[in-house]
Amino acid sequence: LFQAAGREEKLQETSVDLATCTRCDEQLVPLAAGEGEQAVTPHVFVDVRWEGHTARFPVRFDEKATLPLILFGRKATEGELIEYFLFGREPDQWDDNNGIPGQEIKGTRPDAAIDTRRILAYFVRRFVQAIPGIEAEIQRASYSRTALDAALRGPMSPLELAKRAFGSLSRPPVLSEPEKTAMAVGFQLTEILGALLRCRAGVSDAAITDCFGPVVAECKQMLDKLVAEHADLQTAAFRDYQKRIVGDAQ
Amino acid sequence: MKLSPDIDLGRSLLQVFGNKPDSATQIEQDRSRQTATVNAILQRFFRADEQKRRELTILADEVGLGKTYVALAVAVSILVAIRRGESPDGLPANKPIVLVVTPSNDALFNKWLREAEAFKNDCAKHPGVLEWLQIRTPIENSSKSGNVVDLAAQMRDATRSQPMLLIAKQGTLGAALHNRDLWRRRGLAAVFNYYRTPPDTRRYWCRKGKVFENFGIPELTELLDLRTSAPLWSDPISPDLERAYHRAMSSDRELSQRLGEGIAGSDEDWLSRLLDDLTRHALASDWPTLPLVIVDEVHGFKNEHVQARRNFETFMAGRVCRFLGLSATPFQLRHDELLSLLKLRWVLALPTERFQSLDNAVTALGEAMRSARDVGDVFRRRWKGLQQSDKEQIGEAWRAVADLEFDEQFRMARQLRPPRLAHAIEAALDLGHRNTELQRHLHPFVIRHQHPRGYREHFVGGQVETPKITGSPTFQWAPGMEVRGNDELAQYLMMRAIALAKDEKGLPSLGAELSGSYRHLVETAAVWKKLAQASNPLLRDYRAVLEGMIGTRTEQHDPDNEHRKVQATVRRVLEFFKRGQKSLVFCVYTKTAETVRDQIKKAVEEHLDGIHRRVFGDASSFKNFQRRFFNRYEPLFSLIQDHPLLGRIHGGSVGIPQHLALTHRQLREVATLLVDTGASPDSDKPDRRLILAATEQVAVKMWRESEDGQAWLSKVLRSCPELADRMVDSAWLEAREPLSRSERAGRVRRAIDPEAGADASDPLEAEESEAETSSQMNTAGGEPAVESWVRRLREDAIGRVIAPYLRHDVTSGPQPGLPLLAQHHCDLLADLDLDTRCVAGQVFRRILMADEFLLRYLADVEKENTERWADFLAERYEKPLDGHLESLRDRVVAYLETLARAQKNKSLLAGYHAGAENRNVVQLVKGDTQARDRYFLGFNTPYRPEILISTSVGQEGIDLHRECRHVIHHDLCWNPATIEQRTGRVDRIGSKVERERLGAKNGEEPTLEIAVPYLAATYDERMFEELYRRAQLFEVTLGGDIRVEGRIDPDQIAGEHRRREKAGIGTDDEDIGEETDDVSVVDIPEDMLRRLRVDLSV
């Protein structure tokens, strides 16, 4: 949230320099920017309030990185991240009861089908459906380092999804998500890594390609750790799969 | 009208259950239900109050409750009444014929034929009282349907004194005619005559080749000059065929108009079809009015545009007095489909006012159904609004309101909180009232009984693999089997590969093709082929990984060795196999069925090999043991042979009355015969077969000379008196084994199992090969040979083979044990004719000599103590194996009872004869199986196959209940009625589970075990959840419009396409039907189910 310095004379032509204006919390209390904050801000939006009205505007992607960041609220769950890549749904569209894409009914959803969210195969299927979304998001941001950094490592990024997936083995599942298996997570990490590598291969500018390095390395590290810890993943079949999809990812 | 006094349905039940005190209650219950049903149908057909009369009725009892017998009882009761001149007005007095229309499926048709024959014998109150009934089919060959000409030919033979039950397949009415040229010539003659066709046109059609199969038929001149056509009409099938054709043309204006257009045009094919139709009409117009038509699986007629139904309506119109439809699953049907079935009333021969009355009743029913359906929809929606946490409260709320007064119920319901509880209970109450109304209108048209479910035990998902748990009597949810390791990876890789194959536009597969078996995916599923043809290099990588994991089957490795569900099924079946219990496995896909068969076969072989190695060491000692039973030079030879001269004597024991037993003098005669045949008394290994035959010959000769002896022969050979003649013939000593090999050898070769695996042996091969062994008889020497034989037979162990035939004072040693067949089954065997007795003896020997039986029964014998093995076997014969309530003896008794019943029915008996020679322990029955009947019948015996894997060919009309109480639904389906239909194969009157429960002691309660394995977190799970919730809703929303299959509602699919496109999700028909069906979440309380259910019982 950003608070304008004062009321402008001409309401119709309000113009605020977001890079310099005061940040505030939800109660519009000014906040001081912390030091050493990460300059990755893929989901910055502007909450504009005037004369009892309120409206929320997205910020153009390449400008996000120019803004100071204040994170608030909860992090997206793995399911929400998948939904983001699958449908491009932003966090403000999330609600606690919704998990099935395309379902508009809230509450008890009296006409909903069997709840497939807690069935692992359905969950993984949604992840598979989201893979093109992951690649598209990265490709869209591949025109600049900052934009790509934000797309690769931000709170709604493939890296974040990989971390959620990796972490899902060591924490109880949330209500709307199934209990994961090492194989499912291994599959997810391999696929995310594969998507990153394919995107990197499509970028010709070396300076931009460099952005992939740390993210790929981090994903690879998680995958290697997972494989080392789970005998299920040490089979010839999984090795073959890994080799074909991610090769010797560096 | 009531059930004819000549019919006793209890008698057939007695045949099924056997005359045991334990069975009396069950028999009485079934008898009274069936009798009440017959009376209820007859009452609906003929009641005086026309408002309540229904000339069309549907009997919708669940599978296995004896619908066929009820229908036959209705038919025969009507025929009896006509025969006696006591039939109600409106029924024909002459040529009484009841037509039974079966589906075109051979198995169902044959089953009708068998059961009709059995009914005639088993349900006659007194023997022979129904002998007058002619049971006919259009043609002898059951694999063909015959046609209207054949039907007409059969119908001619019906007389009032000998009414007819004519059983025909649906296809008969529309089947191609034989000798087509003749019928088409007649047709053309009739048309030319009807239309006064000019000579040029006649000449034109006479020259047209396609109308006739043969060119240049000289008789065509008959068509050119119709005055010479008289010989054309001469046919014994109809006294006035020409008039029949004319009548058909005059009565069916549409047909005659089309024929007129046909001859005016030039379309040869069209005219040919019209001419054939004309012949059918002409012949049908000559048929007598039928007092009753029974249509089995009447739901097959739900679609008015199906050709079989159109033919039925066309040719039967106005020719049927009463109509009885049979269907176990009428409520798979939508409302409009049920109403469509009731439109079959228009084939009835009724006065206009009766049609009016029936139309009114159907209209009222339609309204009641619509109302119940609407309320059912509301109920479903509101019930789905409940949450799992409401489960207890909803049960309490229901109990609180269910018994209140009407108004009070709703007032109380409305006060419930949270409001969703109030809405659900209100909807349930409303549905209850609507269903009551529906019941009032539906019951006159439909009668339905359901099985009591208490003896069923469902094992679902992971329960299938969990040992020693108690299953649920109803179809309940349980967690699925977890898929791990490569299985799981394969599922995900398939999703990804399919997503790529679809350019990531549609919904990737959830691995539906994988859940049954890998073989199905790799060898059949279109999706796998599609992947192979893809050009995307990334996709090729996925395909390559999958190929490595599941795509290659070699002799050494089968990917299904690791398939989770396949292996769960295999393990379960193997457990039952170890305990000597049969299993029935249903698969949807043929390749899955094949892999399941192969895997089970492998597991069974490994298991038996294990026992071989553990118990007998090398294979030769076991084989030697087996041979000792068949080797006529070995002491065990007599143990498993049939001894037809032994019988039940005073005091209940088995043997020969002492005053008829062979004395010393007769023993000398036996010895003389032996010497005459060249058998040496000094032989180390005398021929026991010869000794037995000689003893039998001497005994029969002796008994024939005395009254008592003749009485004994009449008693023990009551069903095969010709055997006595054979025994006294000199050839008897040469044949030596008349009740097994030599009598049956020819037939054995003829009935060879066409699907016998290369390694599937016949246990009697040892017996066959024994015939080739020369007897190696020694020449007599030293002591006079006869005396020497007498001494040996009295004192030596060799004498044991004939000890039961000798007087006690003749033998010197202790009395040996009796041969098994004589000891346990002499009474039942004596009821079999010679042919059947031979088959019974063969099966018995096969059972005891088959590896799977012998190894099971000797699994824990002491390896070294070979001499005790036979005793051990004899002891175990009477004791149930672990986990089994029936001993092998009990099972053979059931089999012999079945055979005794079947011997009155030639086609059934032939099936059992063939089934007795099945080779495969594990048998797959699929669409192209020619000999499926022999496998089905073999499965109903204690012998092979022990494990039957069936595709959908085995889910209808087949009885597989006599020896099996374990069903595994390996592949799921969307329709609970299909699952019920499959389970119904083993849940029938006289089933093994019924038998075991009747005989159960010590609080044991054997169950019909129904396994529904499914894979957790996969497509299977989704399918299962849908299935079990539909099953619940089926129960109460009888009036609801339940979709049967997930994909049949085109409007819904179109709507779903639009929704998904709008949401950018992509569309995929594979998923739409399944994803969007509405289902309940909270289980419906049992009491509510009971109260909401529409009761159509009598």
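Sequence lines set the chain letters: A, B, ... in the order given, protein chains first and strands last, and positions in each chain run from 1. Note that the structure is a prediction, hence the values are computed from the model and not measured.
Note that CD of B:E482 is 7.5 Å distant from CD of A:E179, once rounded to the nearest 0.5 Å. Here the CD1-CG distance, from A:I245 to B:L538, works out to 5.0 Å after rounding to the nearest 0.5 Å. Rounding to the nearest 0.5 Å gives a distance of 9.5 Å between CZ of B:R484 and CE of A:M183.
Proximity to chain B (any heavy atom under 4.5 Å) is shown, for A:Q188, by neither the backbone nor the side chain.
Among the candidates B:E488, B:E1021, B:Q491, the single residue satisfying the side chain to side chain contact (heavy atoms under 4.5 Å, CB included) test with A:L120 is B:E488.
Among the candidates B:D541, B:L493, B:L1015, the residue making the largest number of heavy-atom pairs closer than 4.5 Å to chain A is B:D541.
Proximity to chain B among residues 225-238 of chain A is limited to A:D232, A:T235, A:A237, A:F238, judged by heavy-atom separations below 4.5 angstrom.
Residues B:R496 and A:E191 share a closest heavy-atom pair of NE-OE1, 2.8 Å.
The ring pair (Phe, Tyr, Trp, His ring centres under 6.0 Å) check on B:Y492 picks up A:F187, with sequence neighbours excluded.
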